[in-house]
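In what follows, chains carry the letters A, B, and so on, assigned in the order in which the sequence lines appear, proteins first and then strands, with residues in each chain numbered from 1. Just so it is clear, the values below take in all heavy atoms, side chains as well, and ignore hydrogens, waters and symmetry mates.
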Amino acid sequence: MALPLTGPAGGNAITFGRIRRYIARNTLQIAGFIFLAVLIVSAVYNLATGIARPHTLLQNFFFGLSTGSIYALIALGYTLVYGILFMINFAHGEVFMAGGYIGYFAIIFANDRGWLEQHTVFALFFTITIAAIFSVLIAVILERVAYRPLRGAPRLVPLITAIGASIALQQLFLRLFGADSRRYPNVHYYIEVPGCQVCKEIPGGAMGLDLVGGIYKVTLFGLDIRLRPIWFIVLFLACSLMIALWFYIQRTKRGKAMRAVAEDKNTAALMGIDVDGIIVTTFVLGAALAGAAAVLFLIIPGNGQATPFIGFFPGIKAFTAAVLGGIGNIPGAAVGGLFLGVIEAVGPPLWNIDHQLKEIIVFGLLILVLILRPTGIFGEILSKRA
Amino acid sequence: MNPIRQFTTCLLALALLASGSIALAQGENVVIPPDGEIIIGVSAAFSGEGLAPFGNNIRNGAVLGHMNRPSATVDGVEFAIALDPQDSQCNAEGGVAVATRYTSDPSVVGVVGPMCSSACTPAAPIYDAAGFTTISPSCTAPALTQSGFASFNRTVPSDANQGKFAAEYIYHELGVRRLATIHDGSPYGEGLVGVVSTNFAALGGEVVAADAVTVGDTNFQALLSEIAEAEPELIYCGCFPAEGARLIQQRADVGLEEVPFMGADGIFGPELIELAGEASEGVYASTPRPVSSAAADDLTEQYLETFTEEPAAGFHTNSYDAYTIFVNGIEAVGTLDDEGNLVVNRAALSDFVRSLQNYPGVTGIINCDGTGECITTPVGFYQVQMGEFVEIGMAGGGMMADDMMDDDMDDDDMDDDDMDDDEG
């Protein structure tokens, strides 16, 4: 057998030159893999040595899941608009904020009339609807005023406009309603659960769950953790909304038209599709989900402070989630959001770092994904149009 | 380059230098024409979640000062004073932007503020360069008076004091031995938590968990669940109401609702109770406490009449004193030139403030120690009971310059570790 080091003619032979060229060509990827390996090894080490406690990890996993479902809902708005317009709607965080803020007035209205106590489900549905309608209104105005006039402009132009629109909306709410926080009232919704171990006494004397405001000690895998039913409701609602959206896009005529516009606006127009109408529909869908997400987020006990600034962080995180999952891809946004929420909560104890540094994990992962898989986890090659 | 052009360039450079130094020389004096107004800046946060009430409180204190002393009289000539409040938010960018604005305006004599240590720290060098004098009613980071800033003065106790008293209170009065700390990454929060931790450890207590939050973030459950693992007896937070209220409420998610929560002047006030709701019951806070005096009571009375609202915090007394110190300073160092203009030498004004002794302020007898510390106020301890902060104790107060120096010496070592980053 000949030695493989026989020069360029050697076919598949491995030479130092080839290795060097390979490393030079794929430096980033290799660095990414090494970083990933370090992360995995340190996580396994921390788990094995007990630095990362299973109890904290499991508890934080559920915290992350509830935050992640909110990220996922917002991320859908980014991904929908990007899928159609190839534009990152940076004002989407403010659309979320607007929903949450107006939702406050709706829930106070419902509370003053006693609906929140007597017809809790109706009152919450009412709040979510008002919030979603208002978010939609903001998004439609935004599209008409800020984005449509720039439809043919280079891609950077609407991006900058979006950032401007974001600041304008934030400042508008600040000037209109002031900087003070608006605190959502505490919501309780009791159901009777016969024979339930973890339940507490509910008003009326029976044992049951407070689905919105309650928190319960649960033993899971031998670990005592605390769970709020509302997290699972939010997760369930988020998943249902995402599945509904997916069906809408895949199975309806209008959804088909949306996909056609995403692929090629000009050809779609030639086929008789109202392109502007479809684009507005996209904004409407994304905004409605963001408005609903805002109310769901704010009724979780401990989160209920609505201010003109609440859109910023969730907006940035959701955008990251959308890119992580593969921007333009709906299941990708959902998975990206949940993944981001969980990694953000589980990461600091797993790698034994300060919670203030969780952003480093989040954005570090984003960079890693962009290096190893530029199209995102679920990424697809979008039409290569500028 | 030929010799002639080199020569012209040199000349040009010289001319530029000369004009620059003339401009500098002019900057040392504020000249106000007889019909002009003396401008005093008020740099505080008028926007931002949970911050605007503090900023308005500070501005209102200065406005009351202005109502009571709307002019300065120099050599029998009266000059009107005008306030120029600007929103420096509670961050470095805001502090720097407002400082740049004031220092480029030759008619601004002095500045009440900034409000937050994170705005004070980067703004101080800008005010220094322009020879300005600032008196902050609320910047409490210890490093501010240890960094050699010539422009920085404050009428509020340093956190070297507040933190030390807080640590003693937590250890002795509350009987806590296991402490968890959280800060918000601001010079104020980080500095305060540093002082509390060091003093608490020195007393024999143990800091079992320490972490930090990001300002603007909303989900702290993950952080709290790690703190819960350490089983602390009290959570001490160097933060502001937005993050504080969320931490207080989200404690319940990890079973920490029975563990007392304590903050400082950053969270003290009705704002926190409004944001955190029922969960705020039992929360402790320390804050610079206005000595109860006839003057302080009168001022609060006037506050209620003028603004028809309760003060959100006690900082109006500190900013009232800051304002009146400026007016006294202008009257003391101001001179009239031949054309009847009021001339205030910036260096003289700075000297006046820094060497102020036995000044009867609303917060007590004020003595400045030459490093920028001008305090009298003791630190009060409060607890939320039935939806409002009730005073449960106090410490310090009426400190003379000598005492302050001793404290500074003790605290020097630990502050260096905590504050170095902010000074670079």
Working to the nearest 0.5 Å, report the span between [atom1] of [X] and [atom2] of [Y].
X: A/Leu57; Y: B/Glu226; atom1: CG; atom2: CD; answer: 8.5 Å
X: B/Ser225; Y: A/Phe62; atom1: OG; atom2: CZ; answer: 12.5 Å
X: A/Phe63; Y: B/Gln250; atom1: CZ; atom2: CD; answer: 8.5 Å
X: B/Ser47; Y: A/Gln170; atom1: OG; atom2: CD; answer: 9.5 Å

>> If I compare all heavy atoms of A/Asn60 with all of B/Gln221, which pair ends up nearest, and what's the gap?
In response: OD1-O, 4.4 Å
> If you look at every heavy atom in A/Arg226 and B/Val254, which pair is closest and at what distance?
Replying inline: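 Heavy atoms only, the tightest pair is CD-C, 3.8 Å.
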Side chains of residues 265-277 of chain B: which donor-acceptor partners sit under 3.5 Å, not counting sequence neighbours?
unit_1	atom_1	unit_2	atom_2	d
B/Asp265	OD1	B/Gln162	NE2	3.3
B/Asp265	OD1	B/Tyr188	OH	2.7

> What option among A/Glu344, A/His55, A/Lys317, A/Arg182 has the most heavy-atom pairs under 4.5 Å with chain B?
Replying inline: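 Top option by heavy-atom pairs under 4.5 Å: A/His55.
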>> Looking only at the side chains, is there a donor atom on one of B/Gln249 and A/Asn303 sitting less than 3.5 Å from an acceptor on the other?
In response: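 No donor-acceptor contact under 3.5 Å links the two side chains.
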> Ignoring hydrogens and geometry, is there a side-chain-to-backbone donor-acceptor pair from B/Asp211 to A/His355 under 3.5 Å?
Replying inline: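 Here the side-chain-to-backbone pair exists.
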Can you tell me if [atom1] on [X] sees more than 12 non-hydrogen neighbours from other groups inside 6.0 Å?
X: A/Tyr45; atom1: OH; answer: no
X: B/Glu231; atom1: CD; answer: no
X: B/Arg101; atom1: CZ; answer: no
X: A/Gln171; atom1: CD; answer: yes
X: B/Glu281; atom1: CD; answer: yes

> Is any residue of residues 88-97 of chain B within less than 4.5 Å of chain A by heavy atoms, and which ones?
Replying inline: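 Answer by number: none.
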Is there side-chain contact between [X] and [Y], with heavy atoms separated by less than 4.5 Å?
X: A/Arg228; Y: B/Asp253; value: yes
X: A/Phe313; Y: B/Thr214; value: yes
X: B/Asn219; Y: A/Phe297; value: yes
X: A/Gln305; Y: B/Thr218; value: no

Examine whether an atom of [X] lies under 4.5 Å from a heavy atom of chain B, and if so say whether it belongs to the side chain, the backbone or both; otherwise answer neither.
X: A/Phe312; result: neither
X: A/Thr307; result: side chain
X: A/Gln59; result: side chain
X: A/Ile310; result: side chain
X: A/Lys217; result: neither

> With a 4.5 angstrom heavy-atom cut-off, which part of B/Ala245 approaches chain A: side chain, backbone, both or neither?
Replying inline: both
